[in-house]
Amino acid sequence: MTGTNVPLKCKCGAFEAVLNDVSPRTGSHIHCHCQDCQTAARVLGAEEQLLPRAGSDIFHTTPAQLTLTKGQEHLACLRLSPRGLMRWYAGCCNTPMFATMAHTKLAFMGVWVPSMAPPPETKLAKVIGKVIAVVRTQDAPMGSPSLKEYGFNRAGFHVLARHVSALLQGRARQTPLFDAEGAPIVKPRVLSKEERLAAQK
């Protein structure tokens, strides 16, 4: 079964990409409420794109499925600490786009679901599948709706299973975000401890 190719766009339209072969088979739909995701959204001024109670809507997949199609010069990267995730965004308008490890040893990428821009006839919820995990609810601010944490182990298993599949296909290190030597294509901005603390609530 072939998945759907889903366009990705920043808010201003200067940066675009395509996530290829998207389906519940090739990725996992999760909601993450961790403090780091909340902090990154605040730093980028993207809090309005968070779910209720500051959740991030994310689709886990592999970097090999990503193709950059427009405005690569606008691509930027943020790290909350020297060892933090690589949080890729469109610098033209500070739209969150992807998150990866700082290396290509694990075939993992989290895609910011609000950046997905399929045509109107495409039902995105069906393409990316139901939410299989809600994680780090202890970091969510108080309020409603109520949150129930589930699926952490399942989501982790799916990440490892996709990595093994990518290894077998020879695609584990395939990514447009890192060069042939495994270095990121743009130098990440690393927040100082003071900047990180100022962005936390």
Side-chain angles (χ1 to χ4, degrees), residues 3-22 26-51 54-104 106-120 122 124-125 127-128 174-180 182-192 195-196 198-200:
T4 301
N5 294 342
V6 178
L8 309 173
K9 295 182 180 181
C10 70
K11 289 184 291 186
C12 74
F15 175 82
E16 296 181 8
V18 174
L19 194 62
N20 303 288
D21 192 25
V22 179
T26 61
S28 302
H29 188 191
I30 77 158
H31 289 170
C32 180
H33 293 264
C34 79
Q35 187 177 71
D36 281 356
C37 283
Q38 295 179 48
T39 299
R42 292 190 194 104
V43 170
L44 296 176
E47 289 180 275
E48 80 284 352
Q49 294 187 18
L50 293 174
L51 298 164
S56 294
D57 197 6
I58 301 169
F59 184 73
H60 284 174
T61 187
T62 61
Q65 290 176 236
L66 179 67
T67 302
L68 306 182
T69 57
K70 176 184 174 183
Q72 184 173 320
E73 68 274 14
H74 297 297
L75 190 62
C77 186
L78 173 73
R79 301 185 77 180
L80 301 186
S81 69
R83 295 187 177 183
L85 285 176
M86 306 280 280
R87 298 176 182 273
W88 304 81
Y89 64 100
C92 43
C93 55
N94 283 1
T95 301
M97 300 298 299
F98 331 108
T100 67
M101 309 300 288
H103 51 73
T104 58
L106 179 66
F108 166 81
M109 179 176 66
V111 179
W112 187 249
V113 171
S115 74
M116 294 183 172
T122 300
L124 184 60
V127 171
I128 62 178
Q174 184 179 331
T175 170
L177 302 175
F178 292 78
D179 63 22
I185 60 173
V186 297
K187 183 177 180 179
R189 170 195 171 197
V190 181
L191 294 188
S192 66
E195 288 176 312
R196 186 171 68 255
Q200 293 174 352

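At a threshold of 4.5 Å between non-hydrogen side-chain atoms, the residues Leu66 and Val111 do not count as touching. You'll find the side chain of Cys10 stays beyond 4.5 Å of the side chain of His74, heavy atoms only. The shortest side-chain heavy-atom distance between Leu68 and Phe15 falls under the 4.5 Å cut-off. A 4.5 Å side-chain heavy-atom check between Met116 and Val127 finds every atom pair outside the cut-off. A 4.5 Å side-chain heavy-atom check between Phe98 and Ser115 finds every atom pair outside the cut-off. Looking at Ser56 and Leu50, their side chains come closer than 4.5 Å, going by heavy atoms from C-beta outward. At a threshold of 4.5 Å between non-hydrogen side-chain atoms, the residues Val6 and Thr122 do not count as touching. Residues Arg87 and Leu44 are not in side-chain contact: their nearest non-hydrogen atoms beyond the backbone lie 4.5 Å or more apart.
Looking at Thr62, its side chain never comes within 3.5 Å of a backbone N or O of Ala107 through a donor-acceptor pair. In this structure, the side chain of Glu16 does not engage the main chain of Gly71 through any donor-acceptor pair within 3.5 Å. With hydrogens and angles ignored, the 3.5 Å screen pairs a side-chain donor or acceptor of Thr175 with a backbone N or O of Leu177. Checked by atom type and distance alone, the side chain of Thr26 pairs as donor or acceptor with a backbone atom of Asp21 at under 3.5 Å. When atom types are taken as modelled, the side chain of Asn20 and the backbone of Asn5 share no donor-acceptor pair closer than 3.5 angstrom. The closest donor-acceptor contact from the side chain of Lys11 to the backbone of Asn94 lies at 3.5 Å or more, if one exists at all.
For the residue pair Pro118 and Pro7, the shortest heavy atom distance occurs at CA-CD, 3.9 Å. Here the shortest heavy-atom pairing between Leu19 and Phe59 reads CD2-CD2, 4.0 Å. Of all the heavy atoms in Met86 and Pro184, the pair that sits closest is CE-CB, 3.5 Å. Summarising the geometry of Ala54 relative to His33, their closest heavy-atom pair is C-ND1, 3.9 Å, with the distance given to 0.1 Å. Nearest heavy-atom pair across Lys70 and Gly13 is NZ-O, 3.1 Å. Taking each heavy atom of Gln200 and Arg42 in turn, the nearest pair found is CA-NH1, 3.8 Å.
Note that NE2 of His60 is 10.5 Å distant from CE of Met109, once rounded to the nearest 0.5 Å. One finds the OG1 atom of Thr4 at 9.5 Å from the CG atom of Leu124 (value rounded to the nearest 0.5 Å). Of the inter-residue distances, the one linking Trp112 atom CH2 with Asp57 atom CG reads 8.0 Å to the nearest 0.5 angstrom. Distance check: Cys32 SG to Gln38 CD gives 8.5 Å after rounding to the nearest 0.5 Å. The CH2 atom of Trp88 sits 11.5 Å away from atom CG of Leu78, with the distance rounded to the nearest 0.5 Å. Taken from OG in Ser192 to CG in Leu80, the straight-line distance is 11.0 Å, to the nearest 0.5 Å.
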| query | Could you go step by step and tell me if Gln174 and Thr104 meet the side-chain contact (heavy atoms from CB on, under 4.5 Å) rule? | reply | CA-CA 8 Å; Gln174 184 179 331; Thr104 58; over 6 Å; no
Task: Candidate pair Met101 and Leu85, rule side-chain contact (heavy atoms from CB on, under 4.5 Å), full reasoning - done: CA-CA 5 Å; Met101 309 300 288; Leu85 285 176; 3.8 Å; yes
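Enclosure of atom CD in Gln72 is not indicated, since only 12 or fewer non-hydrogen atoms of other residues, nucleotides or ligands lie within 6.0 angstrom.
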